[in-house]
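Take a look at the structure below.
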Amino acid sequence: MNQTEEKIIKSCCRTCHGGCGVLVHVRDGRVTKVEGDPECPINWGSMCAKGLSVIQMAYHPDRLLYPQKRVGKKGEGKWQRISWDEALDTIATKLMQIKADYGAESIVLSEGTGRDYEPYFSRYQNLLGTPNLLSAGFVCYVSRIAACRVIAGDHIVADFDGNPNCVMVWANQVTVTNADEYKGEGLNRALAAGAKLIVVDPRLTYLASRADVWLQLRPGSDAALAYGMANVIIEEGLYDRDFVERYTHGWDEFAKRAKEYTPEKVAEITWVPAEKTREAARLYAQTKPAAIMWGVPIENTSNCTDNNRILAVLMAITGNIDIPGGNVFYPRPPIRNISSFALFRMLPPEQFEKQLGGDRFKLAHYQGQMNTKVVWDAILTGKPYPVKALQIHGSNPLITRADARYIYKALSQLEFMVVADFFMTPTAELADIVLPVATWLEMDWVADTWKRHGYALPRRKAVEIGECWPDAKMFNELGKRMGQEEHWWDNWEDGLDYWLEPAGLTWEQFKEMDYLKAEMVYRKHEEKGFRTPTKKFEIWSTQMEEWGYDPLPDYRDVPESPFSKPEMLKEYPYVLTAGARSPVFFHSEHRMIPWLREIHPDPIVEIHPETASKHGVKEGDWVYIESPRGRIQQRARITPGIDPRVVAIQHGWWFPEIKTPDHGWDRSNCNILTENSLETCDQAMGSTNLRVLLCKIYPVNEKEAC
Ligand SMILES: Nc1nc2c(c(=O)[nH]1)N[C@H]1C(S)=C(S)[C@@H](COP(=O)(O)OP(=O)(O)OC[C@H]3O[C@@H](n4cnc5c(=O)[nH]c(N)nc54)[C@H](O)[C@@H]3O)O[C@H]1N2
Ligand SMILES: Nc1nc2c(c(=O)[nH]1)N[C@H]1C(S)=C(S)[C@@H](COP(=O)(O)OP(=O)(O)OC[C@H]3O[C@@H](n4cnc5c(=O)[nH]c(N)nc54)[C@H](O)[C@@H]3O)O[C@H]1N2
Ligand code: SF4
Ligand SMILES: [Mo]
């Protein structure tokens, strides 16, 4: 390569859940600029602040550049540089010893959200023989996939390619979060083409401000509101009779339950005026085609499974399933699917049955997902069996999982812990070995395949930095040291050819392509029915019934609310909603990136002006937010865009600039406040109440402010 010539490499960002096509400019082996690729059908040239800041992340002075081992006590912050060979040999020896002593199930693997090395990680898991792979999936997206799978055969995605004329955005800020399948660009285009917009959100978001109808509901009351809409749709005859009669199972029972949820009754539960519920229901049911764009607050809760089910039912009864511009099943690109890549067949069934929490949370178990509390319990109590080791790739549980102090206790007691990350996070500080990970700029990859939008895109390596490795390479090299040699490759990148094999492509061929996309076919049910036991869309789920759950979706209030715990209101008078995304941070990431921190320097609590004045809180003041579990500080933003009975805080906060090894992990971390009991989480999926609880607020005195 001519060292002074600039090269432009077409690639695919993954600074969030990923997918945007990007042009990476490289000069002298260093990335000098990234910009959106106008030809990419995912983002059409747009990029967000996080993606644009990847250069500051990749070349950050605090970035982990080589493996390290802990030399002091846990959390003391004393580390020593080691070679890759020493790191891998230590991990392999220790894990094989633990497996021999306690069984493979005593090793828990853990990944963060949307990490697309999943095929390699799951292959490593299955060959190791542990049933315990902890991800965010039990509270996020996979829970939606699981619920849709049992009632409709597969996940149902808003079809922006098919030009919806109405979009109901439910608990979602897609133009900020670009979550899961499509980027916000799809919605922007639909709105520019004149689509109607309904927004269901307790906060006046950018999208709510543009909406034809904004339903400002009480956080956590979603299923009641959806039932209220179903009530209107049924009472006013706005449902799709033909679809309901030919393709659904359980309509009569559902209609009977929906009858109870009159808009007036729903107004009491949700705080949404009855007329608004009617208006939204009519607009959604009468504008064809209409899509629901759903978001994660309906899943980060104890009613996760049924929130998902009832929204899917709204799609079905209005005949918006698998039609252009509705909610559709996308065919996958014709490459090796995850279960085949990950060799699921290699995990013995008796090992799978040992999955922690598997006997309790049946939908989660069915989808290979697990609740987190069962892992912390097993570490601390040794029950139902001991957990001795945790290997974490790309997660920061101390900040992102419920009841953070309990997690701190569990991680502090763990016998052996490995963390692979870009930076030394508060979680990594408790590890024994820390491994430096490559960013998306530093690897070839088949990107975006976990999403249900039908695309696979080539991510092309632009540079190498330090001794950082892609996670996939770590699994490949560890696997070979742990008796799995015959299932791994000499060079980890050869796995890309294996992945692409069913498409008749090698990586060398794929990387010359823009993308691979399966051809879309709509209305598949007309020919084949749905992939459920009855071949129908199961409003009444036969699978849920068999597992002993309510076959119909139900509304259950969150465990702490003015209705479920009125006795708490005296001390904790406000409904707290925790975790609406900031456009410039991805969960606990990016607090160390100068461009992004300049835009968003502090954690923010949103408070209504009346509420703020009641507590003597002014714009920009530090405020304590307290729940029965503890208290944290965030800075006040006074806004009329929130109900006076509700306060909204942000999640993901720690302070990399605080150089003590705890990095201020418990000052503003909203998961100090959340609760995590097994009794209050969703009994099918195990999802925890990360979003809604009761709290009190009061000003921080000057001496105690952050
Ligand atoms: N910039 C950025 N992007 C991200 C992430 C990030 O951290 N930062 N995280 C990624 C991940 S893993 C996910 S899951 C997605 C999530 O992406 P989204 O689904 O868009 O999630 P949020 O922004 O958390 O919440 C969306 C909206 O729901 C509202 N809301 C809160 N509680 C309730 C409720 O009880 N009911 C209703 N109807 N609405 C409620 C919030 O006020 C918020 O405006 O974003 C992904 N993208
Ligand atoms: N209270 C509350 N809690 C929440 C939420 C909420 O709304 N409220 N949201 C929940 C949701 S939906 C989710 S998905 C979870 C997310 O939870 P996590 O996935 O744990 O969150 P992140 O902060 O995105 O990721 C943690 C670490 O992964 C590292 N990382 C990023 N990419 C890679 C990679 O490719 N490889 C490796 N090895 N490391 C990488 C980052 O540097 C970061 O330190 O949080 C949940 N927690
Ligand atoms: S939305 Fe995500 S994939 Fe797109 S530019 Fe931003 S960080 Fe990258
Ligand atoms: Mo998520």
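Ligands are counted one by one from 1 in listed order, and the atoms in each one are counted from 1 as well.
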Residue shell around ligand 1, heavy atom under 4.0 angstrom
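Correct list: His17, Lys50, Thr113, Cys140, Trp170, Ala171, Asn172, Gln173, Val176, Thr177, Ala179, Val200, Asp201, Pro202, Arg203, Thr205, Leu217, Pro219, Gly220, Asp222, Gly295, Val296, Pro297, Thr577, Gly579, Ala580, Arg581, Ser582, Pro583, Phe585, Phe586, His587, Arg691.
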Would you give the length of the straight line joining atom CD1 of Ile604 to atom OG of Ser582, rounded to the nearest 0.5 angstrom?
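Those atoms lie 7.5 Å apart.
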Run the contact test for Trp440 against ligand 2 with a 4.0 Å cut-off on heavy atoms, strictly below, and give the result.
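Trp440: no contact with ligand 2 (<4.0 Å).
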Count the heavy atoms belonging to other residues, nucleotides or ligands that lie under 6.0 Å from CZ of Arg556, then report whether that count exceeds 12.
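Yes.
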Are there more than 12 heavy atoms of other residues, nucleotides or ligands under 6.0 Å from atom CD of Glu464?
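Not buried by this count: 12 neighbours or fewer within 6.0 Å.
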Pair Arg14 + Asp448: basic N to acidic O under 4.0 Å
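Result for this pair is no, no salt bridge flagged.
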Hey, are Arg460 and Asp444 close enough for a salt bridge, meaning a charged N less than 4.0 Å from a carboxylate O?
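Asp444 and Arg460: not salt-bridged.
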Considering residues at least two apart in sequence or located in another chain, which fulfil the ring-ring contact (aromatic ring centres under 6.0 Å, His included) criterion with Tyr406?
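ring-ring contact (aromatic ring centres under 6.0 Å, His included) list for Tyr406, sorted by chain: empty.
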ring-ring contact (aromatic ring centres under 6.0 Å, His included) involving His60 - partner list, sequence neighbours excluded:
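His60 satisfies ring-ring contact (aromatic ring centres under 6.0 Å, His included) with Phe423 once adjacent residues are dropped.
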Close-contact set for ligand 2 against [X] heavy atoms, below 4.0 Å:
X      : answer
Thr425 : 44 (O)
Cys670 : 1 (N), 2 (C)
Asn396 : 20 (O), 26 (C)
Gly394 : 19 (O), 25 (O), 26 (C), 27 (C), 28 (O), 29 (C), 30 (N), 37 (C), 38 (N), 39 (N), 40 (C)
Ser395 : 18 (P), 20 (O), 26 (C), 27 (C), 28 (O)
Ala420 : 37 (C), 38 (N), 39 (N)

Heteroatom distance test (Asp471, ligand 2): nitrogen or oxygen, under 3.5 angstrom
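For ligand 2, there is an N or O atom that lies under 3.5 Å from one belonging to Asp471.
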With a cut-off of 2.8 Å, how many protein N, O or S atoms neighbour atom 4 (Fe) of ligand 3?
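That number is 1, waters not included.
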Passing option when Asp666 is tested against Arg629, Arg405, Arg631 for salt bridge (Lys or Arg N to Asp or Glu O under 4.0 Å):
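Going through Arg629, Arg405, Arg631 one by one, the salt bridge (Lys or Arg N to Asp or Glu O under 4.0 Å) with Asp666 is satisfied by Arg405 alone.
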Can you confirm whether Glu442 sits close enough to Trp469 that some side-chain heavy atom of one is under 4.5 Å from a side-chain heavy atom of the other?
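Of all side-chain heavy-atom pairs linking Trp469 with Glu442, none is under 4.5 Å.
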Flag this pair as yes if the NZ/CZ of Arg591 is under 6.0 angstrom from the six-membered ring centre of Trp653 and inside a 45 degree cone about the axis; otherwise no.
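Pair Arg591/Trp653 counts as cation-pi.
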Any donor-acceptor pair under 3.5 Å linking the side chain of Ser221 with the backbone of Ala224?
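Looks like no, no N/O pair under 3.5 Å.
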Here's a test for you: under side-chain contact (heavy atoms from CB on, under 4.5 Å), which of Asp201, Thr205, Thr175, Leu187 qualifies with Val169?
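Filter result, single survivor: Leu187.
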Carefully, step by step, assess Ser53 and His590 under the rule side chain to side chain donor-acceptor pair (under 3.5 Å).
CA-CA 9 Å; Ser53 306; His590 304 128; over 6 Å; no
